[in-house]
Each structure stands twice: as structure tokens, then as C-alpha cells.
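In this chain, residues are counted from 1 in sequence order.
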Amino acid sequence: MYREPTGVSVVIPVFNGARFLDQALDSVQQQDYAPVEILVIDDGSTDDTASIAAHRPNVRYLRQSNQGNASAKNLGISNATYPLVAFLDVDDLWMPHKLATQVAHLEARPELGFVLCHAAPILEDSLPWPEHLNQAHWQSNPALYAPSALLAHRHVFDQVGLFDTDYWRANDSDWFLRAATSKVPMTVVDDVLVYKRIHPQNLTHDAAPMTAELLQALRAKVARQR
């Protein structure tokens with residue numbers, strides 16, 4: 001069976017997410033897969049992000065001025081040293097077998113550029129279900145087209161490009177649309193491997209600007225196909 005050199009660089013972009021960071025790091029450091037390097041990319045936080053990262057073993061901490069989530073992910077990619085790159089939004093969590101399951105798919109199918117997985121929602125205590133989110137959809141544990149579900153070969157970012165910093169909220173959607181235009185082979189693992197936390201600080205809670213950026217990304221996709 002084909003096996004590519006292993007090792008995953010995990011990029012965790014953070015902007016004032018200190019209250020989630022310990023749990024996010026736990027979910028990475030408790031993975032039943034190795035080797036893993038963890039890069040915490042601090043996008044100009046003013047909370048305790050730096051001190052939390054500093055007290056964790058085997059965590060690389062990089063800081064930049066506040067330039068947005070896309071820029072933070074790109075800094076992580078440029079500093080990654082392993083052939084596979086994964087992302088974890090600081091407010092999300094991984095199940096312990098997340099990386100092992102996805103790496104196995106990439107090793108078994110060398111034509112794939114990246115894999116995704118399904119996700120289960122975690123509604124933060126006392127928060128009513130947000131009206132703009134389809135509750136039935138999320139409670140069906142859907143396939144998650146988001147960074148926390150993504151494991152990719154590093155070379156895919158040479159083909160598709162990095163995350164577009166013009167998008168403050170929808171840069172991940174834009175990236176997946178560009179990957180589709182580039183015809184990068186991918187698959188969605190059937191397993192639920194990510195917990196997607198729903199809370200008031202989610203960028204998707206800003207429904208109007210999020211929708212505007214999604215429409216912008218879709219228009220860009222149509223323009224590329226002309």
C-alpha cells in the first residue's frame with residue numbers, strides 16, 4: 001500500500017480566544033496519532049493567549065498584529081514543517097482519532113489532495129439556538145467544509161493558493177471554492193471527528209457581513225469559470 005511520509009502540522013489561529021485555548025490544545029495533544037507539531041498563531045490578541053501557549057509543552061507560538069483569520073492561517077502554513085497541514089479553530093474540538101482517521105485516508109488514496117469529515121455541534125450553555133443557523137442541519141452531524149475538518153497535503157496550497165486575506169469571515173469558503181475550481185481531488189470521511197462550538201462570538205453570528213462575503217466568493221468562482 002502507498003504511504004507518504006507522515007507528520008502533521010496543526011495550525012491554531014487565535015484572536016482573543018484564551019477561554020477556549022486550553023481545551024483546543026488538549027484535543028490536539030490527546031490525538032492518538034504522531035508526530036504532530038502545534039503552531040498557535042496569535043492574531044494580535046489582548047487576552048491571556050500568549051501565557052496559555054507559553055505554558056504548553058511542544059507548542060510553537062507565533063504572534064502577528066491583528067490582520068485577520070486568513071492571515072493567521074497563512075502564517076501557520078508558511079511555518080509548517082510536516083507534509084500534512086491541519087487547522088483547528090480555537091473554539092472547536094477534535095475527537096482523539098481525528099488525525100489518525102484522516103491520515104489513513106490520505107495514505108490509502110494517494111490521488112487525494114485533502115480530506116474533510118463530519119461534525120457535531122456543541123451549543124454553549126444558556127445560549128438559545130441562533131435563528132440564522134439551521135438547527136436540523138447541524139444536529140444531523142453534517143459534512144463540515146471548514147478549517148477544523150480539513151487535513152491537506154502542503155502542496156495543495158501551492159496549487160490552490162493560500163487563504164485570501166480580503167475575506168475577513170468567508171476566507172475558508174472561498175478557499176474550498178477555489179479548490180473545486182482547481183479540481184483538487186478530495187473526499188469527506190464519514191466519521192464525526194470534530195465538535196463545532198456554537199457561541200455568541202462565532203464570526204458566522206454576523207449574518208449580514210458573512211452573507212455578503214459568501215456572495216462575493218461565489219461571484220469570484222463564477223468569474224473564474226468564464
Side-chain angles (χ1 to χ4, degrees), residues 5-103 117 119 122 124-125 127 144 146-154 157 162-165 167-169 171-172 175 193-206:
T6 57
V8 179
S9 296
V10 179
V11 177
I12 305 178
V14 186
F15 175 66
N16 288 342
R19 72 186 181 103
F20 302 121
L21 185 54
D22 269 324
Q23 287 187 332
L25 289 169
D26 283 344
S27 79
V28 176
Q29 294 182 324
Q30 292 168 5
Q31 289 293 299
D32 54 13
Y33 172 85
V36 170
E37 72 167 351
I38 304 173
L39 298 94
V40 171
I41 311 299
D42 187 346
D43 186 39
S45 297
T46 57
D47 61 6
D48 293 331
T49 291
S51 61
I52 292 171
H55 286 88
R56 284 284 184 148
N58 304 317
V59 169
R60 292 173 60 194
Y61 171 80
L62 300 173
R63 181 180 172 86
Q64 65 178 20
S65 60
N66 182 228
Q67 300 172 54
N69 179 271
S71 176
K73 290 197 291 280
N74 292 342
L75 181 60
I77 295 168
S78 67
N79 281 274
T81 60
Y82 283 127
L84 301 175
V85 181
F87 303 88
L88 179 60
D89 289 339
V90 70
D91 51 351
D92 294 338
L93 299 169
W94 285 347
M95 295 188 180
H97 54 293
K98 192 265 188 188
L99 290 181
T101 301
Q102 291 187 309
V103 168
C117 63
I122 299 177
E124 195 165 59
D125 290 346
L127 178 71
L144 183 63
S148 292
L150 175 65
L151 178 67
H153 291 282
R154 282 186 63 190
F157 295 99
L162 298 175
F163 293 92
D164 190 335
T165 56
Y167 294 93
W168 198 261
R169 295 168 175 81
N171 57 83
D172 50 343
W175 190 89
L193 302 175
V194 174
Y195 289 114
K196 186 68 179 173
R197 197 192 307 262
I198 299 172
H199 61 93
Q201 283 73 49
N202 288 134
L203 287 177
T204 54
H205 274 38
D206 294 327

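D92 places no side-chain N or O within 3.5 Å of a backbone atom of L88 that could act as its donor or acceptor partner. In this structure a side-chain-to-backbone donor-acceptor pair under 3.5 Å is present from R63 to S45. Of the possible polar contacts, one joining the Q31 side chain to the M95 backbone as a donor-acceptor pair under 3.5 Å is found. Using a distance-only test at 3.5 Å, with no hydrogens or angles considered, no donor-acceptor pair links the side chain of D89 to the main chain of P147. Counting only distance, with no hydrogens or angles, the side chain of R197 and the backbone of F20 share no donor-acceptor pair below 3.5 Å. The backbone N or O of D48 lies less than 3.5 Å from a partner atom in the side chain of S51, making a donor-acceptor pair. Here the side chain of S9 pairs a donor or acceptor atom with the backbone of Y82 at under 3.5 angstrom.
Y195 OH: 12 or fewer foreign heavy atoms inside a 6.0 Å radius. Around the CG atom of N58, the shell of radius 6.0 Å holds no more than 12 heavy atoms that belong to other residues, nucleotides or ligands.
Contact of the F87 side chain with the I77 side chain is registered, since non-hydrogen atoms from C-beta on lie closer than 4.5 Å. The shortest side-chain heavy-atom distance between T165 and Q67 does not fall under the 4.5 Å cut-off.
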Problem set entry | Working for side chain to side chain contact (heavy atoms under 4.5 Å, CB included), residues V59 and Q29 | CA-CA 10 Å; V59 169; Q29 294 182 324; 3.8 Å; yes
Exercise. After noting the C-alpha distance and the side-chain angles of V28 and W94, does the key distance pass the side chain to side chain contact (heavy atoms under 4.5 Å, CB included) rule?
Worked result: CA-CA 7 Å; V28 176; W94 285 347; 3.9 Å; yes
For this session: Apply side chain to side chain contact (heavy atoms under 4.5 Å, CB included) to the pair T101 and C117, showing each step before the final yes or no.
Result: CA-CA 10 Å; T101 301; C117 63; over 6 Å; no
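Separating the CD atom in E37 from the OG1 atom in T81 is a distance of 3.0 Å, to the nearest 0.5 Å. Interatomic distance, W175 CH2 to N74 CG, rounded to the nearest 0.5 Å: 11.5 Å. L39 CG to L62 CG: the interatomic distance, rounded to the nearest 0.5 Å, is 6.0 Å. Note that the CG atom of L84 and the OH atom of Y33 stand 6.0 Å from one another [nearest 0.5 Å]. Here OG of S78 is found 7.5 Å from CD1 of I41. Values are rounded to the nearest 0.5 Å. With rounding to the nearest 0.5 Å, the separation of CG in L162 from CG in N171 is 11.0 Å.
Between V11 and P13, the closest heavy-atom pair is O-CD, 3.5 Å. Nearest heavy-atom pair, R56 versus D22, reported as atom, atom and distance to 0.1 Å: NH2-O, 3.0 Å. Nearest approach of P96 to Q30, heavy atoms of both residues: CB-O, 3.9 Å. A pairwise comparison of heavy atoms in L193 and Q102 identifies CD1-CG, 4.0 Å as the closest pair. Shortest non-hydrogen contact noted between R60 and N79 is NH1-O, 2.9 Å. The heavy-atom pair separating V85 from A80 by the smallest distance is CG2-CB, 4.2 Å.
The pair D43-K73 does not meet the salt-bridge criterion, since no charged nitrogen lies less than 4.0 angstrom from a carboxylate oxygen.
Classification of the F157-F163 ring pair by plane angle, with boundaries at 30° and 60°, yields tilted.
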